Amino acid sequence: MIGIVVVSHSRALAEAAVALAEQMVPQESRPQLAVAAGAADGSFGTDASAVAAAIEQVDSPDGVLVLLDLGSAVMSAEMATEFLDPAMAEHVRLSGAPLVEGLVVALVTASTGATLDKVESEARNALQAKGKAVG
Amino acid sequence: MAAISTEQAGAWLADYAQVIGENAAMLTDLDRQTGDADHGSNMDRGMKAVAALDVSSFDSPGALLKKAGMTLVSNVGGASGPLYGTFFLRFAGALDDGPDDASGLLGALRAGLEGIEQRGKAERGDKTMIDALAPAVEAFETQSGAGTSAALTAAAKAAARGRDEATDLIARKGRASYLGERSKGKQDPGATSMTLLLESAARTLGSA
């Protein structure tokens, strides 16, 4: 099963998104998940070292999908992959999915044992259901 | 032996930390006009953490500057964390591997510039810190035959010119790009803090 990392400028935002997504999957079938969010002093921000540590924490031979909120979260996550062992970095994928919708879909899909490719593409299409719902 | 000593690198960082402290409110105010109003406070938090490093515990300028880069990565928070972090990490690597004259410093500056371009996926004309750093690297190269001090002075002047010329540009990267046309006429906070870094280098690394 792949691992999932949530990168956000806000720890509160990341933890709430995780709690919301975890409602969808019983604890025993959830993938490994780690959060890298907020600056060390509690203010808004992202930290490439913290992202690298989170990836290492949930690393799996099946891969790791990293979900991101916005702006410099992407830069921090890209920098984090440079800090990793190159063999590990090879199976880490940064997701362009929307954070909340993408995380829900990623968690549900990953819990079925789906491949990294499958989880990534499902997460990226996560906004479609909402788009249809509002017409 | 690298192009600058560990003590000079320490003096550069200490000078920049002080200048950022003095200009934090101005940088945040510039960022309020085009971004999320945190550039000065973020940089100040990061550089205060850098200034707290014990320079005497590092055995090369590169080792100190690498640690400074990682400290910025973990303490700045906003986009300037990975950007300045990458600048110092790449600068440090090239410096320790490079020759011990002005060309060594040129190689380090160029590595820092390339790191920022790659990290930010930005180029000259996007109204970012690159609009100060790129012309500074060029000016340094042109003047490097005249020695490090003259080259750094030329670089700092070119950075300030680049910063001022970027004011009339439309932002194409970062939060400021959301403003589109309205970013025109606003001074870029990243180009401003980058100019301060090069002015600080001219004050502290000149005798290399």
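These values consider heavy atoms only, across backbone and side chains, with no hydrogens, waters or symmetry-generated copies. Keep in mind the model is a prediction, meaning the values are calculated, not measured.
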*Asks:* Quick one: NE2 on His9(A) to CG on Asp36(B), what's the gap to the nearest 0.5 Å?
*Replies:*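 The distance works out to 7.5 Å.
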*Asks:* Inspect the surroundings of NZ in Lys173(B) and state if more than 12 heavy atoms from other residues, nucleotides or ligands are less than 6.0 Å away.
*Replies:* yes
*Asks:* Examine whether an atom of Thr46(A) lies under 4.5 Å from a heavy atom of chain B, and if so say whether it belongs to the side chain, the backbone or both; otherwise answer neither.
*Replies:* both
*Asks:* Does Glu78(A) form a side chain to side chain contact (heavy atoms under 4.5 Å, CB included) with Gln118(B)? I'd like the steps, not just the answer.
*Replies:* CA-CA 10 Å; Glu78(A) 285 173 347; Gln118(B) 183 201 351; over 6 Å; no
*Asks:* For chain B, which residues from residues 55-77 of chain A have at least one heavy atom closer than 4.5 Å to it?
*Replies:*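 Residues Leu70(A), Ser72(A), Met75(A), Ser76(A) are the ones that qualify, each having a heavy atom under 4.5 Å from chain B.
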*Asks:* Is it the side chain or the backbone of Ser80(B) that comes within 4.5 Å of chain A heavy atoms, both, or neither?
*Replies:*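 It is neither, since no heavy atom gets under 4.5 Å.
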*Asks:* Do any of residues 82-101 of chain A come closer than 4.5 Å to chain B, heavy atom to heavy atom, and if so which ones, in number order?
*Replies:*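 Those residues of residues 82-101 of chain A which have a heavy atom under 4.5 Å from chain B are Glu82(A), Phe83(A).
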*Asks:* What part of Ala50(A) gets within 4.5 angstrom of chain B, counting heavy atoms only: side chain, backbone, both, or neither?
*Replies:* neither
*Asks:* Give a yes or no on whether Gln27(A) atom CD has more than 12 heavy-atom contacts from other residues, nucleotides or ligands under 6.0 Å away.
*Replies:* no
*Asks:* Which residue out of Arg175(B), Lys121(B), Arg45(B) racks up the most heavy-atom pairs below 4.5 Å with chain A?
*Replies:* Arg45(B)
